[in-house]
Every structure is written in C-alpha cells, then in structure tokens.
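These notes concern the structure reproduced below.
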Amino acid sequence: QVQLVESGGGLVQTGGALRLSCAASGRTVSSATMGWFRQAPGKEREFVAHMWGSGGRTQYADSVKGRFTISRDNAKNTVYMKMNSLKPEDTAVYYCTSGTLVATTPKYYDYWGQGTQVTVSS
C-alpha cells in the first residue's frame, strides 16, 4: 500500500516562500515519478512539477518555472517542493502524487496524498 503524506502548506504573503514535503511509504521515491499538482476552487487539477525516478530529471509548469524547485531526499524517502516568490494565483490545494509514467496529466498517476492548502495573500 502506497501512502503519500503532504505537509508544509499555510498562509503566506505575496513574495513569500514555503516548502512542501511529501513523505512516501510503500514506494521508493527514486524509483517512480514523483509529482506535485494543485487545484484552486472551481478549477481543474493542474500540473506543477515532477521528478523522474531514474536520473532525477525535473519538469515544471511554465507558471512556476524559476520560482519553484522540486527535490528529493532518498534517505528519508521524501519529496520536497520549495516555492519562492509566491503570488496570489498560486493559492490552491497542493497534492503530491506518484506514478510509473512521466506525465503532466493527473490520470497517469497512481497514488495521491490528501493535499495541503497554500494560501497567498495580496
């Protein structure tokens, strides 16, 4: 049974920073694609970033490129996403996810965390 547990969300002012964590069990983060998606009220879930299991290559949505960084700690089996220069439009529930394919579409991911709320005030 794969479980993903996110933490690190919260309320921050525009321009601030947060670091999200995703602790995984039942699957090694270095052997799967680990990703972050977000969903704002009334909107579809959208791709934010992912990291390939093999080699650790990363990909980002254009809206967060240069501001967000995805990383992992294999010893802790945990994935992180550092978010800098946050904007009000980054406000959403952020979900950690894991899959066996490299994809930017939610349907290709097998497991999801419960989500963590990020709110950026203007």
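None of the values given here were measured: they were computed from a predicted structure. Residue numbers start at 1 and run along the sequence shown. Side-chain atoms are counted along with the backbone in the values below, which use heavy atoms only and exclude waters and symmetry mates.
- The distance from atom OG1 of Thr69 to atom CG of Asn84, rounded to the nearest 0.5 Å, is 6.5 Å.
- In this structure, OG in Ser7 is found 8.5 Å from CD in Gln114, a value given to the nearest 0.5 Å.
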Using the rule given for side chain to side chain donor-acceptor pair (under 3.5 Å), can you reason through Tyr94 versus Arg38, listing the C-alpha separation, both sets of side-chain angles and the distance that settles it, and then say yes or no? CA-CA 4 Å; Tyr94 283 71; Arg38 66 186 181 187; 2.9 Å; yes
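- For the atom pair CZ (Arg72) and OG1 (Thr58), the distance works out to 10.5 Å, reported to the nearest 0.5 Å.
- Cluster annotation: Met34 is connected to Leu18 through the hydrophobic network of ILVMFWY side chains, with a link wherever side-chain heavy atoms come within less than 4.5 Å.
- The same ILVMFWY cluster, assembled from side-chain heavy atoms under 4.5 Å apart, contains both Val12 and Phe68.
- Two residues are said to be in side-chain contact when any heavy atoms from C-beta on lie closer than 4.5 Å; Met51 and Arg57 fail this criterion.
- Cluster annotation: Tyr95 is not connected to Trp36 through the hydrophobic network of ILVMFWY side chains, with a link wherever side-chain heavy atoms come within less than 4.5 Å.
- For Ala17 against Lys82, the heavy-atom pair with the smallest separation is CB-CE, 4.0 Å.
- Between the side chain of Asp73 and the backbone N or O of Thr78, no donor-acceptor pair lies under 3.5 Å.
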Run the side-chain contact (heavy atoms from CB on, under 4.5 Å) check on Val5 and Cys22 step by step: do they pass? CA-CA 5 Å; Val5 180; Cys22 172; over 6 Å; no
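- Under a 3.5 Å cut-off, the side chain of Thr33 and the backbone N or O of Leu101 do form a donor-acceptor pair.
- Side-chain N/O atoms of Gln117 and Thr119 include a donor and acceptor closer than 3.5 Å.
- Hydrophobic clustering (side-chain heavy atoms under 4.5 Å, transitive across Ile, Leu, Val, Met, Phe, Trp, Tyr) groups Val93 together with Phe47.
- Counting only distance, with no hydrogens or angles, the side chain of Asn77 and the backbone of Val29 share a donor-acceptor pair below 3.5 Å.
- Remark: side-chain polar atoms of Tyr111 are not paired, donor with acceptor, to backbone N or O of Gln1 under 3.5 angstrom.
- Pairing each heavy atom of Ala32 with each of Arg27, the nearest pair is CB-CD, 3.5 Å.
- A distance of 14.0 Å separates OH in Tyr108 from OG1 in Thr97, rounded to the nearest 0.5 Å.
- Between Val118 and Leu20 there is a side-chain heavy-atom pair separated by less than 4.5 Å.
- Cation-pi geometry between Arg45 and Phe37 is not satisfied (NZ or CZ under 6.0 Å from the ring centre, within 45° of the ring normal).
- What you find for Ala40 and Thr91 is that their closest heavy atoms are CB-O, 3.7 Å.
- Counting all heavy atoms, side chain and backbone alike, Asp110 lies closest to Gly99 at OD2-CA, 3.5 Å.
- Ser121 OG to Leu86 CG: the interatomic distance, rounded to the nearest 0.5 Å, is 10.0 Å.
- In this structure the side chain of Trp112 reaches within 4.5 angstrom of the side chain of Pro106, judged on heavy atoms.
- Panel note: side chain Thr14, backbone Lys87; no donor-acceptor pair is recorded below 3.5 Å.
- Glu6 places a side-chain N or O within 3.5 Å of a backbone atom of Gly115 that can act as its donor or acceptor partner.
- Classification of the His50-Tyr109 ring pair by plane angle, with boundaries at 30° and 60°, yields tilted.
- Between Met81 and Val48, the closest side-chain pair of non-hydrogen atoms falls below 4.5 Å.
- Here the closest heavy-atom approach between residue Gln39 and residue Lys43 is recorded as NE2-O, 3.1 Å.
- Here the closest heavy-atom approach between residue Arg67 and residue Asp90 is recorded as NH1-OD2, 2.8 Å.
- In terms of hydrophobic clustering, with Ile, Leu, Val, Met, Phe, Trp and Tyr side chains grouped at heavy-atom distances under 4.5 Å, Tyr80 and Tyr60 are assigned to different clusters.
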